[in-house]
Amino acid sequence: MTEIRVRIAPSPSGNLHIGTARTALFNYLFAKKNNGKFVLRIEDTDAERTSQSYIDNIFDSLKALGLNWDEGPDVGGPYGPYTQSERFDIYPKYAQILLEKGFAYECFCTPEELEAEKQSATQNKKPYVYSKKCENLSENEKARLRAEGRKPAIRFNISKVQKTFHDNSVLKFDDLVKGELHMDTDLLGDFVIMKSNGTPTYNFAVVIDDMLMKISHVIRGEDHISNTFKQILIFEALGAQIPKFGHLGMILAPDRSKLSKRHGATAVSEFVEKGYLTEALINFVALLGWSPSDGKEIKSIDEIAQDFRIGDISSSNSIFEYDKLNWMNSHYIKMLSIEELKEKLKPYLTKYDLSELTDAQYTRMVEITYEPLTLLSNITDAVPYFFGEDVEIEPKAQIDVLDTDVAQDVLKEFLKQAENWEFSEDNLHEKLEAFRAEYKEKGIKPKVTMWAIRAAVTGRTCGADMTAILAILGKDKVFRRIKNAIK
RNA sequence: AGCGGUAUCGUCUAGUGGUUAGGACGGGAGAUUCUCAUUCUCCAAACAGGGGUUCAAUUCCCCUUACCGCCGCCA
């Protein structure tokens with residue numbers, strides 16, 4: 001039995017996209033489930049669009065998501081290098097083999113000539129297919145063209161290969177997720193495998209690398225289906241073993257267009273900055289197309305791997321809805337321990353002076369404020385009143401609460417009574433309960449009583465547990481703020 | 001235009017030749033609470049349309065429609 005080897009092959013022309021992350025995840029899951037290897041390969045044949053910061057971002061994001069690779073540019077492996085730009089000496093050799101076998105030919109067409117072909121095709125409302133006019137150039141003609149200074153590209157001879165290995169022009173393969181797929185290869189057109197500058201095109205480099213790296217299963221987005229037909233033909237022309245293919249539906253934005261910047265975050269790192277937990281991201285994205293056999297949706301990556309069956313992946317596109325992601329994120333936040341939370345929340349509290357709070361106070365603050373968080377970043381706006389001597393009063397709290405006679409009365413009474421209170425949480429809890437009861441006697445709802453205190457102390461009409469807030473702030477600050485609120 | 005793919009509540013999905021078509025998010029109602037939130041209970045919400053095949057079709061086949069993707073010396 002041959003080893004299961006899968007790969008994720010991102011192109012570093014941008015930060016790691018959430019869609020790429022999902023593809024990586026499914027590859028990872030497939031490898032884990034089948035005791036296979038998960039390979040990372042960087043596809044940077046287009047130097048123009050590549051940047052080191054993108055490469056770093058891809059590495060960091062994949063790691064953060066827990067999608068650790070067994071072989072890759074940094075960790076190496078038996079089939080390296082794992083960065084295509086470091087493999088440029090490999091591809092021409094195989095192009096040469098194809099040339100010699102007659103499965104490829106040199107093409108001297110200029111961009112202008114090619115453009116003209118395309119133009120006439122669109123004018124005649126026909127799909128564009130390369131004319132093959134360079135297929136049978138004589139050695140003399142090639143020499144003449146070369147003398148003109150023209151550098152040839154190398155094209156793959158589709159029909160020649162198809163005819164050599166198949167009875168008719170239809171090519172079929174069994175897709176792991178979509179079932180049997182077929183295509184009339186006459187419609188494909190002889191595509192370039194080596195550019196005139198000597199670098200390979202995507203379709204060629206992928207095949208050479210997948211072959212050399214002994215990739216057994218290629219799991220990728222369905223936008224690659226038509227490439228797959230071309231790639232299978234290259235495998236055949238080279239006499240190589242053809243991997244199994246599985247094509248995943250795409251992730252679409254809520255408006256059913258491709259998920260892009262204008263829909264919000266697209267890069268994993270952006271989601272993380274916004275305060276999404278990578279565990280939530282992984283869990284959510286796994287549920288796009290895959291569903292657990294026991295119906296329990298909250299699952300760790302390991303649990304998902306256990307239950308993973310590639311054939312059960314939905315073959316349709318799915319829409320990326322924030323509602324569920326947000327719900328899931330808040331769920332994962334609630335599963336964090338307080339110690340973990342204290343650390344993870346710190347990056348979002350830099351605008352405050354945390355040294356104002358003792359560790360015990362900070363702990364308590366986190367305990368009483370984490371529950372409503374959807375994003376870790378929500379903490380920023382949830383806690384300003386824990387810091388500084390005074391507090392900013394929201395207009396709503398001022399007008400609806402503090403400006404009322406009841407509130408003014410409550411505050412004055414509170415000041416009087418609390419003078420002798422010990423500001424421990426237990427004690428406050430007891431005292432406040434009695435305080436509320438007292439006002440309830442007078443026909444003032446508990447809610448109204450507490451609103452007055454809350455508005456004066458926090459500047460808001462809603463927020464965390466009031467007793468704990470008072471205990472954390474301490475008598476001095478609480479009295480100071482209440483006095484400020486009294487007219 | 002051509003080619004390929006997909007089609008179950010608004011969204012992610014389960015499921016079956018005979019089911020009250022299930023769950024989750026979101027939405028609505030209520031309970032709890034000092035507020036927001038949490039939690040709990042309940043409710044509404046779907047088999048794209050048309051033909052077949054069959055005793056029976058959401059399920060199998062065909063067509064239509066819609067949507068997505070691909071048609072580069074980008075990946």
Side-chain angles (χ1 to χ4, degrees), chain A residues 9-14 43-46 48-50 84 107 109-111 114-115 118 121-122 124-130 151-155 175 178-179 181-184 187-189 191-203 205-206 221-229 247 249-250 252 254 256-258 284 287-293 295-298 312 314-328 330-331 334 369-374 382 401 432-433 435-436 445-455 458 460-467:
Chain A
S11 161
S13 55
E43 309 219 321
D44 58 347
T45 52
D46 187 1
E48 296 271 310
R49 306 202 306 165
T50 297
Q84 285 186 332
C107 171
C109 292
T110 62
L114 261 15
E115 189 51 38
K118 271 178 225 174
T122 40
N124 298 326
K125 294 202 167 181
K126 282 195 175 157
Y128 166 70
V129 180
Y130 174 62
K151 294 235 189 318
I154 300 175
R155 283 186 188 268
D175 191 274
K178 287 181 183 287
L181 260 24
H182 47 85
M183 173 69 141
D184 186 342
L187 270 22
L188 251 24
F191 57 98
V192 171
I193 56 174
M194 291 295 289
K195 302 177 201 175
S196 53
N197 69 5
T199 62
T201 59
Y202 163 77
N203 275 309
V206 162
E222 69 175 27
D223 49 338
H224 282 289
I225 290 178
S226 54
N227 286 328
T228 302
F229 292 99
H247 291 92
M250 312 293 286
L252 269 23
R256 288 172 193 282
S257 67
K258 215 161 97 180
F284 173 72
L287 257 20
L288 260 26
W290 175 84
S291 63
S293 58
K296 291 201 174 72
E297 294 191 323
I298 300 290
D312 289 354
S314 155
S315 58
S316 52
N317 295 338
S318 39
I319 291 173
F320 191 99
E321 279 280 5
Y322 275 88
D323 282 337
K324 187 143 185 178
L325 205 215
N326 288 342
W327 166 79
M328 199 167 266
S330 66
H331 190 88
K334 289 185 191 76
T369 52
Y370 79 89
E371 227 174 47
L373 301 180
T374 296
V401 182
L432 277 173
E433 206 170 294
F435 190 74
R436 281 196 296 272
K445 287 182 188 161
K447 165 157 107 169
V448 174
T449 314
M450 294 306 285
W451 257 338
I453 299 169
R454 182 179 293 280
T458 72
R460 305 181 167 199
T461 52
C462 61
D465 182 86
M466 208 49 231
T467 315

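None of the values given here were measured: they were computed from a predicted structure.
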* Go ahead and name the base partner of B/C70; Watson-Crick or wobble counts if both distances stay under 3.5 Å, otherwise write none. => B/G2

* Closest heavy-atom pair and its distance - A/K334, A/Y370 -> CA-CE1, 4.0 Å

* With C1' as the reference atom in both, quote the distance from B/U19 to B/A14 in angstrom, rounded to an integer. => 13 Å

* Structure fact -> A/I225 CD1 to B/C3 P, in whole Å, measures 16 Å

* To do: Assess the side chains of A/N197 and A/T199: does a donor N or O sit below 3.5 Å from an acceptor N or O?
  => yes

* Asked: So which nucleotide from B/A24, B/U11, B/A75 ends up closest to the side chain of A/I319?
  -> B/U11

* Round to the nearest Å and state the distance from A/N317 atom CG to B/C70 atom P. => 11 Å

* **Nearest atoms (heavy-atom pairs only) where A/A205 meets A/T45** => CB-CG2, 4.3 Å

* **P spacing across the pair B/G30 / B/A37, given as an integer number of angstrom** => 14 Å

* Can you tell me the pairing partner of B/A7 across any strand shown, Watson-Crick or G-U wobble, with both distances under 3.5 angstrom? => B/U65

* When all nucleic acid strands are considered with a 4.0 Å heavy-atom cut-off, which category describes A/R49: base, sugar-phosphate, or nothing? -> base

* Does A/T449 use its side chain to pair, donor to acceptor, with the backbone of A/K445 at less than 3.5 Å? -> yes

* Searching all strands shown, indicate the nucleotide that pairs with B/U58 (Watson-Crick or G-U wobble; both distances under 3.5 Å). => none

* To do: Quickly work out the A/D323 CG to B/C9 C1' distance and round it to whole Å.
  => 15 Å

* For A/D312 and for A/K324, find the nucleotide of RNA chain B with the closest heavy atom, then tell me which residue's nucleotide is more 5'. => A/D312

* **Side-chain heavy-atom pair A/T201, A/K195 within 4.5 angstrom cut-off** => yes

Protein N or O to nucleotides 35-44 of chain B N or O, pairs below 3.5 Å:
{"unit_1": "B/U35", "atom_1": "O2", "unit_2": "A/G463", "atom_2": "N", "d": "2.6"}
{"unit_1": "B/U35", "atom_1": "O2", "unit_2": "A/G463", "atom_2": "O", "d": "3.2"}
{"unit_1": "B/U35", "atom_1": "N3", "unit_2": "A/R454", "atom_2": "NH2", "d": "3.1"}
{"unit_1": "B/U35", "atom_1": "N3", "unit_2": "A/G463", "atom_2": "O", "d": "2.6"}
{"unit_1": "B/A37", "atom_1": "N3", "unit_2": "A/E371", "atom_2": "OE1", "d": "3.1"}

* Asked: Counting just side-chain N and O atoms, does A/T45 come under 4.0 Å of either OP1 or OP2 of B/A75?
  -> yes

* Can you tell me how far P of B/G23 sits from CG of A/L287, to the nearest Å? -> 16 Å

What N/O pairs connect the protein and nucleotides 71-73 of chain B at under 3.5 Å? Give each pair on its own line.
{"unit_1": "B/C73", "atom_1": "O2", "unit_2": "A/S196", "atom_2": "N", "d": "2.8"}
{"unit_1": "B/C73", "atom_1": "O2", "unit_2": "A/S196", "atom_2": "OG", "d": "3.0"}
{"unit_1": "B/C73", "atom_1": "N3", "unit_2": "A/S196", "atom_2": "OG", "d": "3.2"}
{"unit_1": "B/C73", "atom_1": "N4", "unit_2": "A/C109", "atom_2": "O", "d": "3.0"}

* Structure fact -> B/A14 -> Watson-Crick or G-U wobble partner, both distances under 3.5 Å, gives none

* Asked: Within the structure shown, what part of the strands sits under 4.0 Å from A/G289 by heavy-atom distance: base, sugar-phosphate, or nothing?
  -> sugar-phosphate

* On RNA chain B, nearest-nucleotide positions of A/T467 versus A/P200: which is more 5'? -> A/T467

* For B/U32 versus B/C42, give the span between their C1' atoms, rounded off to a whole number of Å. => 15 Å

* Asked: Which heavy-atom pair separates A/Y130 from A/C107 by the least distance, and what is that distance?
  -> OH-SG, 3.3 Å

* Which is true for A/S330 with a 4.0 Å heavy-atom rule: it touches a base, it touches only sugar-phosphate, or it touches nothing? -> nothing

* Structure fact -> Against the side chain of A/M183, the closest entry in B/U11, B/C3, B/C68 is B/C3

* To do: Could you tell me the separation between the CZ atom of A/F320 and the C1' atom of B/C25, rounded to a whole number of Å?
  => 13 Å

* Asked: In whole Å, what separates the C1' atom of B/G69 from that of B/G17?
  -> 33 Å

* Which is true for A/E297 with a 4.0 Å heavy-atom rule: it touches a base, it touches only sugar-phosphate, or it touches nothing? -> base

* Asked: Can you tell me how far P of B/G10 sits from CZ of A/R256, to the nearest Å?
  -> 11 Å

* What is the distance, rounded to the nearest whole Å, between atom CD of A/E222 and atom C1' of B/C67? -> 11 Å

* Asked: What does A/H247 touch in the nucleic acid at a heavy-atom separation under 4.0 angstrom: a base, only the sugar-phosphate, or nothing?
  -> nothing

